[in-house]
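Scroll down for the structure; my scribbles are underneath it.
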Amino acid sequence: MRIIIVGGVAGGMSAATRLRRLMEDAEILVLERSGYVSFANCGLPYYVGGVIEKRASLLLQTPESLHARFRLDVRVRHEVTAIDTAAKTVTVRDLEAGTQSCESYDHLILSMGASPVIPPIPGIERALTLRDVGDVDRMAAATDQALAAGKSAVVIGGGFIGVEVAENLAERGLQVTLVELADQVLPPLDPELASFVADELLKNGVSLRLATQVSQIGQTSVTLSSQESIPADIVVASIGVRPETRLAEQAGITIGSRGGVVVDDSLRTSAPEVYAVGDMVEKLDPLSGAATLVPLANIANRQGRRVADVIAGREPAPGTAQAYGTAVVKVFGLTAASTGANAKRLRAQDRRFVAIHTHPVDHAGYYPGASQMHLTLLFDPDSGEILGAQGVGPAGVERRIDVIATAMAGKLGAADLIDLELAYAPPYGSAKDPINQLGYLAENVLTGEQVIQWDELGAREPAETNLLIDVRSPQEFAAGSIPGARNIPVDELRDRIDEIPPGPHTVFCQVGQRGHVATRLLGQLNRQVTNLTGGYLTWKAGQRARELSHCGQA
């Protein structure tokens, strides 16, 4: 059996090595357009930033090492220029020798990844991208030159990669401006959590230009749609990626509505004996059943393994083509992570949901070094199905999002988080882990507690009915509260019940816990009340998000 794999990074190399472990007698040919295979593309920004000091650390394998261990025929600088699915051949150009050949296959695996989005901006040819080792070499050299010049950099795009690049350029000593078309950084996060990330960038010297775009790139500056000119010794385009499907489309392979190759649960394309994996294929959103694009290395690696199993005759694993899109990013001293859908996406899908917000510490508060994190859980108010989660904080965030992603894959409901038995000791967590706390809050909602979101709450004037009640201490109230709120501390509610007519009212505290106590108490005293989920801290973060989105620059 002869198997050809086009693309030798995450998905392609996972498929190749797995195939060899399953099929010693197969002939396996890997064709890679660049000069490198099996490199750590997720580590590229950190090499630019000097965190990864040795370039060789990015190169996990070589054609020689792969041949020695797996007897793989790996050919770098070999570009596939055409696929003939009827003849079961590919046309290959040797980029070093300038020659062309035709290679036949029994099975063909496409793992060609995605290419950077390059917008039609005048001067865009000066912008750098970051997808492979050649890109990182160019960016590292350009960074050194910028440090010797005006020390200015502009990063176009505030998504995960853009934020990583901005951080690492700033760590090298450049004055970085991050330009994002959306009104927030990290669009997968809801704005109230993204505001913490924006403030962390600002605190570390990264300037932000939100809700704007680059209209022109000059030799030493960029011009924004607002007509502002920003110095730019180096410009990085990190706007996103699109599936690399040109060859597949030319071969008549079906391309889906999202622009990726369509595959089934076995990762088969519409062409016989042709498979596709990784960033170039459309995935299935388990929540909506719709096609989606999720360009993540761990999914590509998983699909590479699964497609090898299928070719070797094993039963396809369920959910191979699905992806929740679990992701994490470091932003200076913070970690931001998410899984599943955010509120904006759910609203666009007209999906009913409830979002709950918590602000726990990452481990027991009495143990030194505890730090506050910010978590959001979104779930179906009828079934309790978990729809997504997000977190931001200095420590412990990725662990909690991973647990929720696992719960989603296992079809656990939001209230089931209560009963997860998670490792606990004071240096690592709390007896009531933040995950368990999310479960408690979800169960409260599912059993009838009414909650309101920060963005559903408008400024209110004091009134005898429809009160906005701040149940924190007088000292906390004096330090800042929601406009129109009346301060009745939770411990005084019983004695001051005559000040509270039947309702409806909204109560809030700092993070939501005392608000829950007040809601339960007042409900039993025949008052109709709703709790502001996440409390004053979430409301304040939401106001900060609005402030950032409206200013256009920071």
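Every value quoted in this text rests on a predicted model; they were computed, and no experiment measured them.
Judged by distance alone, the side chain of Tyr47 and the main-chain N or O of Leu58 form no donor-acceptor pair under 3.5 Å. The closest donor-acceptor contact from the side chain of Asp362 to the backbone of Ser371 lies under 3.5 Å. Side-chain N or O atoms of Ser215 include one that pairs as donor or acceptor with a backbone N or O of Thr223 at under 3.5 Å. In this structure, the side chain of Asp380 does not engage the main chain of Glu385 through any donor-acceptor pair within 3.5 Å. Side chain of Thr245 to main chain of Ala248: no donor-acceptor pair is present (N/O by atom type, distance under 3.5 Å, no hydrogens or angles). Under the 3.5 Å distance criterion, the side-chain polar atoms of Glu244 are left unmatched by any main-chain donor or acceptor of Ser115. Thr339 places no side-chain N or O within donor-acceptor distance of the main-chain N or O of Ile401, the cut-off being under 3.5 Å. In this structure, Thr358 contributes its side chain and Pro360 its backbone to no donor-acceptor pair below 3.5 Å. A distance-only check finds a donor-acceptor pair linking the side chain of Ser65 to the backbone of Thr62 [under 3.5 Å].
Judged as a side-chain contact (heavy atoms from CB on, under 4.5 Å), and not counting sequence neighbours, the contacts of Ala16 are Ile5, Met13, Ile28, Val30, Leu72. Not counting sequence neighbours, the partners of Glu164 by the side-chain hydrogen bond (donor to acceptor under 3.5 Å, both in side chains) test are Tyr46. The side-chain contact (heavy atoms from CB on, under 4.5 Å) test applied to Val511 returns His359, Gln372, Leu537, not counting sequence neighbours. Among residues two or more places apart in sequence or in another chain, the side-chain hydrogen bond (donor to acceptor under 3.5 Å, both in side chains) test is passed with Ser38 by none. Taking Ala317 as the reference, Arg306, Thr320 meet the side-chain contact (heavy atoms from CB on, under 4.5 Å) condition, with sequence neighbours excluded. Applying the side-chain hydrogen bond (donor to acceptor under 3.5 Å, both in side chains) criterion to Asp132, with sequence neighbours excluded, gives no partner residue. Ala271 is linked by a side-chain contact (heavy atoms from CB on, under 4.5 Å) to Thr85, Ile253, Thr269, Val274, counting only residues two or more places apart in sequence or in another chain. Applying the side-chain hydrogen bond (donor to acceptor under 3.5 Å, both in side chains) rule to Asp144 yields the partners Arg172; only residues at least two apart in sequence or on another chain are considered.
Interatomic distance, CD1 of Ile83 versus CG of Leu110, reported as 4.5 Å (0.5 Å rounding). Separation of atoms NE2 (His78) and CG (Leu95) is listed at 8.0 Å; rounding is to 0.5 Å. Between the CG atom in Leu377 and the CZ atom in Phe353 there is a gap of 11.5 Å [rounded to 0.5 Å]. Within the model, atoms CZ of Arg209 and CD1 of Ile156 stand 13.5 Å from one another, a figure rounded to the nearest 0.5 Å. Taken to the nearest 0.5 Å, the CG atom of Leu224 stands 9.0 Å off from the CD atom of Gln213. Interatomic distance, Leu296 CG to Thr326 OG1, rounded to the nearest 0.5 Å: 8.0 Å.
Judged as a salt bridge (Lys or Arg N to Asp or Glu O under 4.0 Å), not a single pair has a partner in residues 250-267 (not counting sequence neighbours). For residues 117-131, the pairs satisfying salt bridge (Lys or Arg N to Asp or Glu O under 4.0 Å) are Arg131-Asp279, with sequence neighbours left out. The list of salt bridge (Lys or Arg N to Asp or Glu O under 4.0 Å) pairs with a residue in residues 30-58, not counting sequence neighbours, reads Arg33-Glu79, Arg55-Asp137.
Salt bridge status for Arg544 with Glu547: present, with a side-chain N to carboxylate O gap under 4.0 Å. Between Asp135 and Arg138, at least one side-chain N (NZ, or NE/NH1/NH2) sits under 4.0 Å from a carboxylate O, which counts as a salt bridge.
A 4.5 Å side-chain heavy-atom check between Glu200 and Val197 finds every atom pair outside the cut-off. Leu130 has its side chain within reach of Pro45: a pair of non-hydrogen atoms, C-beta onward, lies under 4.5 Å apart. At a threshold of 4.5 Å between non-hydrogen side-chain atoms, the residues Pro295 and Phe160 do not count as touching. Side-chain atoms of Leu532 and Ile482, non-hydrogen and from C-beta on, do get closer than 4.5 Å to each other. Between Ile121 and Val222, every side-chain heavy-atom pair lies at or beyond the 4.5 Å cut-off. With contacts defined as side-chain heavy-atom distances shorter than 4.5 Å, the pair Phe379/Ile356 qualifies. Considering only heavy atoms from C-beta on, Pro381 comes within 4.5 Å of Arg352 through its side chain. Leu201 has its side chain within reach of Phe332: a pair of non-hydrogen atoms, C-beta onward, lies under 4.5 Å apart.
Across all their heavy atoms, Leu378 and Ala355 have their closest contact at CD2-CB, 4.1 Å. Minimum interatomic distance between Pro231 and Val154 (heavy atoms only, all atoms of both residues): O-CG2, 3.8 Å. Arg400 approaches Pro434 most closely through the heavy-atom pair NH2-CD, 3.5 Å. Heavy atoms only, all atoms of each residue included: Leu247 and Val80 are closest at CD1-O, 2.9 Å. Listed here is the closest heavy atom pair of Ala237 and Thr129: O-CG2, 3.9 Å. Between Lys283 and Val294, the shortest heavy-atom contact is NZ-O, 3.3 Å.
Each of Val6, Leu267, Val307 was scored for a side chain to side chain contact (heavy atoms under 4.5 Å, CB included) with Ile109, with one residue passing: Val307.
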Could you go step by step and tell me if Gln453 and Thr533 meet the side chain to side chain contact (heavy atoms under 4.5 Å, CB included) rule? CA-CA 6 Å; Gln453 305 298 317; Thr533 177; 3.6 Å; yes
Stepwise salt bridge (charged side-chain N to carboxylate O under 4.0 Å, His left out) test for Arg347 and Asp455: CA-CA 13 Å; Arg347 291 189 186 106; Asp455 55 356; 3.4 Å; yes
Asn168/Thr143 under side chain to side chain contact (heavy atoms under 4.5 Å, CB included): CA gap, chis, key distance, verdict: CA-CA 10 Å; Asn168 280 281; Thr143 302; over 6 Å; no
Below 3.5 Å, can you tabulate the donor-acceptor pairs from side chains in residues 176-192 to any protein atom, sequence neighbours excluded?
{"unit_1": "Glu180", "atom_1": "OE1", "unit_2": "Gly158", "atom_2": "N", "d": "2.6"}
{"unit_1": "Glu180", "atom_1": "OE2", "unit_2": "Ala182", "atom_2": "N", "d": "2.9"}
{"unit_1": "Gln184", "atom_1": "NE2", "unit_2": "Leu186", "atom_2": "O", "d": "3.1"}
{"unit_1": "Gln184", "atom_1": "NE2", "unit_2": "Leu189", "atom_2": "O", "d": "2.7"}
{"unit_1": "Asp190", "atom_1": "OD1", "unit_2": "Ala343", "atom_2": "N", "d": "3.0"}
{"unit_1": "Asp190", "atom_1": "OD2", "unit_2": "Ala343", "atom_2": "N", "d": "3.3"}
{"unit_1": "Asp190", "atom_1": "OD2", "unit_2": "Gln390", "atom_2": "NE2", "d": "2.8"}
{"unit_1": "Glu192", "atom_1": "OE1", "unit_2": "Trp454", "atom_2": "NE1", "d": "3.0"}

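Checking Ser225 against Thr212 by side-chain atom types alone, a donor-acceptor pair falls below 3.5 Å.
Lys330 NZ: more than 12 foreign heavy atoms inside a 6.0 Å radius. For Gln437, the CD atom is densely surrounded, since the number of other residues' heavy atoms within 6.0 Å is greater than 12.
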